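First the proteins, then the strands, lettered A, B, ... as listed; each starts at 1. Just so it is clear, the structure is predicted and the values come from calculations on it, not from any experiment.
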Amino acid sequence: MYFYKKKSNPFMEYKFNEIEKKWQEYWEKNKTFKVEVDHSKPKFFILDMFPYPSGSGLHVGHPEGYTATDIVGRFKSMKGYNVLHPMGWDSFGLPTENYAIKTGTHPNIITQKNIQVFKRQLKSLGFAYDWNREIATSNSKYYKWTQWIFTKLYNKGLAYEDEIQVNWCPDLKIVLANEEIVDGKSELGGHKVIRKPMRQWMLKITEYADKLLEDLDELDWPDNIKEMQRNWIGKSEGANIKFKIADNNQIIEVFTTRSDTLFGATYMVLAPEHELVAKITIPENKKTVEEYIQKATVKSDLERTDLAKEKTGVFTGAYAINPANNQKIPIWVADYVLISYGSGAIMAVPAHDQRDWEFARHFDLPIIPVLEGGDIEKEAFIEDGAHINSCFLDGLGKEDAVNKMDNWLIGKKIGKKEINYKLRDWVFSRQRYWGEPFPVLKYEDGTVRCLDEDELPVTLPDVDKYEPSGTGESPLATIDSWLYITDPKTGKKARRETNTMPQWAGSCWYYLRFCDPGNDEKAWSDEAEKYWMPVDLYVGGVEHAVLHLLYARFWHKVLYDLGLVSTKEPFKKLVNQGLILGEDGEKMSKSRGNVINPDSVIENYGADSLRLYEMFMGPLEKVKPWSENGVKGVFGFLIRTYKFFANPDNINKETEDPDTLKALHQTIKKVENDIEGLRFNTAISQMMIFTNHCLKAGTVTRNTAEIFTKLLSPFAPHLAEELWEVLGNEPSIANEKFPAYSEEFLKEDTFEYPVSFNGKLRFKIELSISLGKEEIEEAVLNDKRAERWLDGKKPKKLIVVPKRIVNVVV
RNA sequence: GCCCAGGUGGUGGAAUUGGUAGACACGUUGGACUUAAAAUCCAAUGGCCUUUAACGGCCGUGCGGGUUCAAGUCCCGCUCUGGGUACCA
């Protein structure tokens, strides 16, 4: 019955490796995917989070997002859009530097090699990139402009230097990344790690906190990502209250969102790093307090704020005066209060804050309830209630009490309304070699000059060794010939900044460079930026939900305020792809030995199979495990598709069957809608259904075959090009219009109603869709099968949902 | 700890707005083809029960409650897994 049963025709074999090579060469030779500004067409800018070119090559996780965007790009292009879908390299980074230290190889050589591997692998997947737009953040032609943006930030007063706690390893004499610390010890060698203040460049992202928060509303991003960003920014409105210290003229300022509970403040807590600690601690307690502070420096913020562990702290011996009732309350030092949030000091209200409650319980401090409700013997009561033990607030609810207290504090000049953010300024420097040097000179007199545009780029000098200097400074501090210069602009002797920028810097603005990557005069031209921006679709891993996306938005907003870009936000729509796990359901890692190499998948099944499988696995956003059998499944689909449509014997109909026409138009509609909604798995399943239909039908018209080939082309572009040619057409199918469906073929005359009794499906009945509700009721009740379930009774209620369901309530 | 997700057959998943749970695919089993195997094709396939068969019944979307004519979908509580947690990116 089926042609392929005969297994005779050797030309009918699906030779995917030949086909894929042929078309990849064709696209490259004919510059099929070259893209330029074209005002005659609407633009569509699709961006992938560009990869860090690691030494282990492409991972099957990379092609997931890249295939998704490739499908959208090819689809949008067939829909008449001018599509910008570029690719490049986030090529500064820690692993390369660590490898350089280990092997003594220049990071740039390692990076170039890795990029070559990545590029070859990406090309073998048949993505429609315009490789003319390739960029690499570690290229000085690129980082010149990263430095230029830094100068803009600096000149706008958004960059400053400060002493910040870093992870210092005294044995290795280097600053460690959080990732390099395991259980409080250095990952390499297991040496101890302490927190030590060190001079760092900071960016005032907090100045943009409100804008970053407000503008989230207008973005077409997943709600959970917006929520995570909102929580990260952590805006809270409250009050700043001044507490006098007894027998001392010092003042402790605290931030609280619950000024209404002031009467319940029974003690105060200073963060161990708070400057007042040393000033107020009484001599007898000095030793314990100092020891405690010493211990706290070893801990990370994460460890310190862990609710599950027992609270720790020490008494300073000093007392503050609660301004509400003039009571003396003890001042403690405890590491559950962080110096980085608010003023680094709190008024503790153990009756109404769980952390304070636990602390008070542990140290036997008084717990005075000031709101009615709850049981403070068991836990803190954090809900609303009428105030008690609170003098002029008694009887009021939370909101009124907060207002009344704030006004009272303002009147007494001991408090004011204050807004606080959890968001902290961005530590923007690293003591490393493989990053952008800061365009900053430091003179002998301690003054600083940020370089001008004509002095950029400040390029990385070659060094012999990549180990940090030993003083905590980067290896750049050891290259005297680079380090010390006589500044040609001022004639003064200067030392260069030895810190480098974090990897985030390059990825904060790469989408802008993609608009105009070859520009030697400017970071980007106004024309290109105005035409292409904003990014219409941004796809990448959910692990970037907060940091990268917040940092990039911050830079973009600064550039917007400087009039350098035309949109307030860089990324209009965002989608996060889910992680691909190994076949064992665990995260892929070398140590587990469950890593899938895309090269071998392509070798065995072809790029189209890999692309199709990654899209067929499940929803783009979901975490899902790899399965070799799944690849075989879609591979089989491609073989069947090729063998059917490439065989002239099957493409010999004059007029198409109504059944096939209906299936075809259903498929067009579903594939189009599903691509728009990024539901590639169901689009593919629909194409499988259609192919199965064609195999059963035996033959189809050329027109049907051509339409189907176009539908398939964004997903399996190599196979589609080949079929397009076999069907007698000129390449490339990428230049064809995407097919349109016609409603007339989709019309249904009848609907098979599921009929349930008390919510349980009992039988189905096929009825004309033209029937009204009453006619449907009648048809159902008159059906023989209804008798059994009605049991002679009259139905209590009958629910008819047209073209959906009938439910009889008995 | 805190913030954010997710949990549906043996497996990946489908069910787009509360309306036929399990589309499509894998796997498994049986059959065809073959000297044989592979490949390919055909058929069956959530579990339990009933029945010679046909027909049919009960249960079923992590667990426990609730709302509704109707819940995988909405609400409350729990549990397990994953991502982020500011120097991995």
- [ ] Pick base, sugar-phosphate or nothing for R679(A), based on heavy-atom distances below 4.0 Å to the nucleic acid.
- [x] base
Task: R432(A) bridged to E180(A) by N-O distance under 4.0 Å - done: yes
TODO: Please state whether the phosphate of U16(B), meaning OP1 or OP2, lies under 4.0 angstrom from any side-chain nitrogen or oxygen of N673(A).
DONE: no
Open item on the list: Does A86(B) have OP1 or OP2 under 4.0 Å away from a side-chain N or O of R424(A)?
Closed with: no
Open item on the list: Using OP1 and OP2 only, check whether a side-chain N or O of N629(A) sits under 4.0 Å from G27(B).
Closed with: yes
- [ ] Would you please confirm or rule out a distance under 4.0 Å between OP1 or OP2 of C58(B) and any side-chain N or O of R762(A)?
- [x] yes
- [ ] Go through the side-chain N and O atoms of E497(A) and W201(A) and say whether any donor and acceptor fall under 3.5 Å apart.
- [x] yes
TODO: Name the orientation of the base relative to the sugar in G82(B): syn if the glycosidic angle is within 90° of 0, else anti.
DONE: anti
- [ ] Report the nucleotide, chosen from A86(B), G19(B), A5(B), that has the shortest atom-to-atom distance to any side-chain atom of N224(A).
- [x] A5(B)
Open item on the list: What is the distance, to the nearest angstrom, from the CG atom on N576(A) to the C1' atom on C4(B)?
Closed with: 11 Å
Task: d(CG, L638(A); P, A25(B)) in whole Å - done: 13 Å
Task: Contact under 4.0 Å: K670(A) side-chain N or O vs A14(B) OP1/OP2 - done: no
- [ ] Kindly say if N231(A) contacts the phosphate of C4(B), meaning a side-chain N or O under 4.0 Å from OP1 or OP2.
- [x] yes
TODO: Classify the angle between the aromatic ring planes of H693(A) and F690(A) as parallel (below 30°), tilted (30 to 60°) or perpendicular (above 60°).
DONE: parallel
Task: Contact nearer the 5' end of RNA chain B, comparing L423(A) with N758(A) - done: N758(A)
- [ ] Could you tell me whether K235(A) atom NZ has more than 12 heavy atoms of other residues or ligands within 6.0 Å of it?
- [x] yes
TODO: Choose from G83(B), U16(B), C87(B) the nucleotide whose nearest atom is closest to any side-chain atom of M228(A).
DONE: G83(B)
- [ ] Give the nucleotide from the list G84(B), A14(B), C87(B) with an atom nearest to the side chain of V166(A).
- [x] C87(B)
- [ ] Please determine, for the side chain of W789(A), which listed nucleotide (G57(B), U20(B), C87(B)) has the closest atom?
- [x] G57(B)
Open item on the list: At less than 3.5 Å, do the side-chain atoms of Q431(A) and the base atoms of C87(B) form a donor-acceptor pair?
Closed with: yes
- [ ] Using a cut-off of strictly less than 4.0 Å, decide whether K760(A) has a side-chain nitrogen or oxygen near OP1 or OP2 of G57(B).
- [x] no
Open item on the list: Check the orientation of F751(A) and Y753(A). Use parallel for under 30°, tilted for 30 to 60°, and perpendicular for over 60°.
Closed with: perpendicular
